[in-house]
Structure formats: structure tokens, C-alpha cells
Amino acid sequence: MTRTLKALNYQVTVAKNFTDIDDKIIKKVQETGQSLEEITTHYIASYKSEMRALGVVDADIEPKATESLGAMESLIQKLIAKDIAYVVNSGDVYFDTSKDENYGSISHQVVDDEENQSRVEHNSEKRNPKDFALWKACSSEQDICFETSFSKGRPGWHVECSAMIEKHFEGTDEYSIDIHAGGADLLFPHHENEAAQSRCATGHELSKYWIHNGFVNINGEKMSKSLGNSFFIKDALKVYDGEILRNYLISIHYRNDFNFNEEDLLNSKKRLDKLYRLKKRVTPTKASKPNIKFQQAIMSAMSDDLNISKTLAIIEEMISNTNDKLDENPKDKGLKKETLANIEFLDALLGLGGKEPFSYFQIGIDEKTKNTIEALIEARNSAKIEKDYEKSDAIRDEISAMGIEIMDTAEGTVWERL
RNA sequence: GGAGCCAUCGCCAAGUUGGUAAGGCCGUAGAUUGCAAAUCUGCUAUUCACCAGUUCGAGUCUGGUUGGCUCCUCCA
């Protein structure tokens, strides 16, 4: 989405916040004796490196909850002053959902009686069952907590996000930010609560648009530790190149659930392979300007709620048209330059096709093996010239046993890793 | 129990305000090739879970049925 908006000439400021104060982190601090910062620095760094491997554009702003406590305190104070938030005896601060007329407008969840709740939480200190904690007073001296005017404690989850947004974005009279993204599972209560807090504290809406992405399932099942089917991006990155994973992950509309499985991944890799084979055919050359119709067709598809399927269909069409023309006229320099420009356009827009095409097909093969392969190909070509096909086929078998596929093209024999 | 999402070819998956089913994988028939691979071309859903309705016309709208999924407690 960021790349598409930028390609449409919007000025985009991307923020990703880290809620680096939470129960799990605090628990880990107590267990390991490491400082909170030591723990979060490690996870934030690995998150960033994985996102980069997947070709996700870096955020312009990366606020942390620990650096935004002042903003949280002032947001909560504003709400207390308006009697929309209230402090209870323990020192906890709750948001009174009944004070916000628009509560529920984002998730369409009705704020009603306890009977609608599957499991009713019994907290007599709350005014309404749907009220949520803005601030939690610390229970013991060992807890990680921060001093505020209302109590010593730590922020609730929802307020962390709202405060960081208010701190970094001035916004307009109507909205703080334009687009708020997140997983569909966060719609309620998290986004609803974020919106309510900001609306009540600032008098304007938090975000103009909310977008929610679907879930990732593994082979048709929800990813979970108890099912034993969970894995991390870093595990996948050990097996597959980041661009191949990106190509797969990007291939399904963001709002749909994503069913991760190896068969589909390999299928989508074949599509990327085709793009790179075309790039091989037009390399080396200098890129000119991308084809306008191609460019416009893709931008129009992406502008339509990021219609990636349509975009991929347009790319397929471009690839086969170009291959067709190159079959007819292999030396069409103008076409080669335009095609390379088309691929560069795709690299900027989708983060695909940016690698040197020959190396793309040789990812994970060391120099020594490469030399062996080259030598075998040379031997096979000599045998072919002598029309000793028995020998040349034997060599090809030997090469394919190494997991390498070779293809004889007009420009000579090239090889790819299977 | 409450709120919401989804169901299109063997598999993945598009489908704008209702107008007569994209694309990929697989399969298959060819062109090309010493043979392959790569590349190209043709073929592959009278039909969109099911039933009923609205309409000149529905995958697209309405009602219902069946099946699958998510959220509704803490935590982020």
C-alpha cells in the first residue's frame, strides 16, 4: 500500500509503533533479569531485519511506548478532566464507554448488557462491563511502573497506540491520521478503543480510514503453538529467499485470509521465475521508459483497493507478449529497453524483479559448485558439437542430479537451480 | 447467545454501478528443439454451495438453507 500510494505521488509518512510495555515483556524481565530495553531492542532489531528481507519499506517514524509516556499521561488526564475516564481505588484508570456516543461505530459491536458477552468479567470497580483500562496501577514494588499524577503504574494497551499517534501526527481538524492499518482480529476491542479514546480526548477522529488484513493460516489451520504448526518468518527465510516469500505473500488480497502452504508458494515462485527469465532475455541493456499502457493498467488495478490479482494478470500478459515478440525478433533493442524499464517499474511498485536475473536463479549455490556446473556445461556442449548425444545427455543427467536444470537458448546454454 | 466475514474450473484466485465467467498452476494437442528444458499457440467452468424471489437480464440484489471462519476474558 505504501509503495502504491507513493507511485500515485502521494506524500506518505509511515509510522509503525512498538508497544514495548506489556505483560509478556515484563514477565521476561523478571524471569531473565535482563532489562526491558535489552529484551525489546533484540526483538525490534530482528523484526526490522525480517521486514527488510521481505522487501517491506522502512517506516519513517517508529515510536516506542517507553518513549511516549508523557503523551499517554496527558491523554489520560484530558479524559479524566472530562469525566470520561475515572480512577478507581486501586489506582487503575478506566475509560467510561457509556460516555462516548460513537462507541462501536468502527467494529459495529453493540455496547450492551452482560448477556451478550460470552464470558463476563466480574470487576465491580468498573462502571460498565465494556469499560477498559487506560492505566494499571502497579501491584508490587518489583513491577515496572511509572509515576503519574493519578497513580504509579503502567499504560494499558490501547492508550499506548493512541498516544503515540497523537504525539507524532498533528493531523487535521477532522482526523489525526489518514489510514490506520492492522489485523482483522484487532478490530474489536483494540481499534474501537483507540478510536474512542482519541475522539473523546481530542475532539476529532483518530483516522479517516481503517483497513484490516486477514489471518495467516497454515495448511488450512489457524497458526498456533498448541497445534504445533507455527513458525516464524526467520524460519521461512532460511529456506526461501525473501523475494520469493514476498512474491507469495503479496499475491493474495490483503483482506482475505492467507492460507500458507508449500504448494502455493512453489506455484507463485513459478510466476516470479517467468519474470526473471524475461529479464534474462533483455539483459544486458539500458532501461528506457516503461510502456505507458502497461503502467497505467497496473496503477489502475492497484488503485482499485490494491487489486493484486488483476495486477498479476497484467504482468503475465506483458511477459507472454514480450516473449512472443522476442521469439519473432530476438534483437529488438527498443523492446528490450522498454521491457527492462517495465521490470524496474515493477520493482519500485511491488518490490519484485529487482535482482540481477542470473544470480536470481543461482541463489544458494556456492562458487565452487558454480564452476563445476560451468565446466560440465562446457563438456556437454563439446559433445553436442561432435553429435555425441549419448555423452551430452549423460552430462545433463549428472547436472540435473545436482538439482540444476539447463536450457539451450539462442544466446547459449543457461542454467537454473530447481 | 451477540456481531461480522466467506463459499467461483482438480488446485490458487479476479470479477467495477446486475448485461452474459480474468490470470496462474496442473492437464492436454501443436510450433520450436538431436532429445529435453525454456518460449509461443490452441483446448480445458452454458457455469459461480443449495433453494426461492426481484428483473428483459443475477456469480453480482433480496429472503432462506447448508458448510467454513473470525471477534465478543486477560495480554499485546
Side-chain angles (χ1 to χ4, degrees), chain A residues 17-27 65 104 107-123 129-130 132-133 136 155-158 160-161 182-192 212 214-215 217 220-222 248 251-253 255-259 261 263-274 277-278 280-281 300-301 303-305 307-328 330 361 383-385 387-390 392-393 396-397 399-400 404-411 413-416 418:
Chain A
N17 63 251
F18 294 101
T19 46
D20 58 349
I21 303 172
D22 93 307
D23 286 359
K24 282 176 193 157
I25 299 170
I26 291 169
K27 199 177 163 200
S107 65
H108 306 292
Q109 284 277 341
V110 276
V111 197
D112 51 15
D113 48 80
E114 302 193 359
E115 285 165 32
N116 279 353
Q117 294 191 257
S118 57
R119 281 151 289 189
V120 181
E121 173 195 11
H122 294 289
N123 184 335
K130 292 255 169 172
F132 54 89
K136 295 169 186 204
W157 168 33
H158 315 301
E160 296 185 18
C161 295
D185 52 336
L186 299 183
L187 177 55
F188 189 86
H190 185 231
H191 293 159
E192 192 67 62
H212 293 99
F215 296 102
N217 296 127
E221 280 182 317
K222 185 175 175 172
Y248 176 44
S251 70
I252 280 157
H253 188 82
R255 230 182 307 109
N256 290 162
D257 282 347
F258 190 101
N259 186 21
N261 68 80
E263 191 189 337
D264 290 350
L265 192 157
L266 261 24
N267 182 341
S268 88
K269 179 181 177 296
K270 286 180 185 173
R271 296 179 93 148
L272 225 209
D273 288 352
K274 287 207 278 188
R277 282 200 196 101
L278 178 63
K280 273 205 291 202
R281 288 189 83 172
S300 139
S303 301
D304 181 16
D305 197 17
N307 192 332
I308 189 67
S309 294
K310 210 171 190 175
T311 297
L312 293 178
I314 296 163
I315 295 172
E316 294 288 344
E317 201 183 335
M318 182 278 284
I319 293 175
S320 76
N321 280 342
T322 310
N323 271 322
D324 199 12
K325 284 183 196 158
L326 287 174
D327 281 353
E328 277 172 33
F361 288 106
K384 272 176 66 183
I385 290 165
K387 293 203 190 318
D388 186 351
Y389 295 124
E390 217 166 285
S392 71
D393 288 350
R396 184 167 60 199
D397 289 343
I399 294 171
S400 66
I404 303 297
E405 187 164 61
I406 57 175
M407 27 199 99
D408 297 327
T409 72
E411 292 84 32
T413 304
V414 294
W415 59 274
E416 295 178 3
L418 282 177

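Each chain gets a letter, A, B and so on, in the order the sequences are listed, and its residues count up from 1.
Straight-line distance from the CZ atom of R281(A) to the P atom of U39(B): 9 Å, rounded to whole Å. Atoms CD1 (I314(A)) and P (G24(B)) sit 13 Å apart, rounded to a whole Å. Remark: P of C26(B) and CG of L266(A) are 11 Å apart, rounded to the nearest angstrom. If you measure from atom NZ of K270(A) to atom P of G27(B), you get 8 Å, rounded to the nearest angstrom. Regarding I319(A), its CD1 atom lies at a distance of 10 Å from the P atom of C25(B), rounded to whole Å. Rounded to a whole Å, the CG atom of N321(A) is 14 Å from the P atom of U39(B). Taking atom CG of D324(A) as the reference point, atom P of U39(B) lies 13 Å away to the nearest angstrom. A straight line from CD of E317(A) to P of U41(B) spans 11 Å, rounded to a whole angstrom.
Shown here, A14(B) forms no base pair; nothing in the strands shown gives a Watson-Crick or G-U wobble contact with both key distances under 3.5 Å. With a cut-off of 3.5 Å on both Watson-Crick or G-U wobble distances, the partner of U39(B) is given as A31(B). For G57(B), there is no paired nucleotide, since no Watson-Crick or G-U wobble pair has both relevant distances below 3.5 Å. Remark: A52(B) base-pairs with U62(B); criterion is Watson-Crick or G-U wobble with both hydrogen-bond distances under 3.5 Å. Base pairing analysis places A3(B) opposite U70(B); the two distances defining the Watson-Crick or G-U wobble pair are each below 3.5 Å. A 3.5 Å limit on both hydrogen-bonding distances identifies no Watson-Crick or G-U partner for C9(B).
Rounded to whole Å, the C1' atom of A14(B) lies 27 Å from the corresponding atom of C51(B). Here, C26(B) and G18(B) have their P atoms 37 Å apart, quoted to the whole Å. The separation of G53(B) from C43(B), taken at their P atoms, amounts to 37 Å, rounded to a whole angstrom. If you take atom P in U70(B) and the same atom in G10(B), they sit 26 Å apart, rounded to whole Å. U60(B) and C48(B) have their C1' atoms separated by 10 Å, given to the nearest Å. Taking atom P on both U28(B) and A36(B), the two are 14 Å apart, rounded to the nearest angstrom. Nucleotides C61(B) and A13(B) are separated by 24 Å at their C1' atoms, to the nearest Å. Taking the P atoms as reference points, G23(B) lies 25 Å from C6(B), given to the whole Å.
Looking at heavy atoms from C-beta onward, W157(A) lies out of side-chain contact with D23(A) at the 4.5 angstrom threshold. Looking at R277(A) and F361(A), their side chains come closer than 4.5 Å, going by heavy atoms from C-beta outward. Side-chain contact check for D393(A) versus R396(A): some heavy-atom pair is nearer than 4.5 Å. N259(A) places none of its side-chain heavy atoms less than 4.5 Å from the side chain of I252(A).
In this structure, of U70(B), A76(B), U39(B), it is U70(B) that holds the atom nearest to the side chain of F215(A). Each of G24(B), C40(B), C26(B) was ranked by its minimum atom distance to the side chain of S320(A); first place goes to C40(B).
Here the two rings, on H212(A) and H191(A), have centers that are under 6.0 Å apart.
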Show me the donor-acceptor pairs, under 3.5 Å and distance only, between side chains in residues 312-320 of chain A and residues at least two apart or in other chains.
{"unit_1": "E316(A)", "atom_1": "OE1", "unit_2": "K274(A)", "atom_2": "NZ", "d": "3.0"}
{"unit_1": "E316(A)", "atom_1": "OE2", "unit_2": "R271(A)", "atom_2": "NE", "d": "2.9"}

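Between H158(A) and F132(A), the two ring planes are perpendicular [angle over 60°; tilted spans 30° to 60°].
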Its contact letters, B for base, S for sugar-phosphate only and - for none at protein heavy atoms under 4.0 Å, make nucleotides 32-38 of chain B read --BBBBS

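Side-chain atoms of D264(A) and N267(A) include no donor-acceptor pair closer than 3.5 Å.
Under the 6.0 Å distance and 45° angle rule, K384(A) does not count as a cation-pi partner of Y389(A).
For the pair E263(A) and W157(A), both in contact range of RNA chain B, the more 5′-proximal nearest nucleotide belongs to E263(A).
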One pair to check against salt bridge (charged side-chain N to carboxylate O under 4.0 Å, His left out): K269(A) and D273(A). What are the steps and the verdict? CA-CA 6 Å; K269(A) 179 181 177 296; D273(A) 288 352; 3.1 Å; yes

Show me the protein contacts with nucleotides 12-15 of chain B, counting only N or O atoms at under 3.5 Å.
{"unit_1": "A13(B)", "atom_1": "O2'", "unit_2": "S309(A)", "atom_2": "OG", "d": "3.0"}
{"unit_1": "A14(B)", "atom_1": "OP1", "unit_2": "N256(A)", "atom_2": "OD1", "d": "2.7"}
{"unit_1": "A14(B)", "atom_1": "O5'", "unit_2": "S309(A)", "atom_2": "OG", "d": "3.3"}
{"unit_1": "A14(B)", "atom_1": "O3'", "unit_2": "N307(A)", "atom_2": "ND2", "d": "3.4"}
{"unit_1": "G15(B)", "atom_1": "OP1", "unit_2": "N307(A)", "atom_2": "ND2", "d": "3.4"}

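Between C161(A) and N17(A), the shortest heavy-atom distance links the atoms SG-ND2, 3.9 Å.
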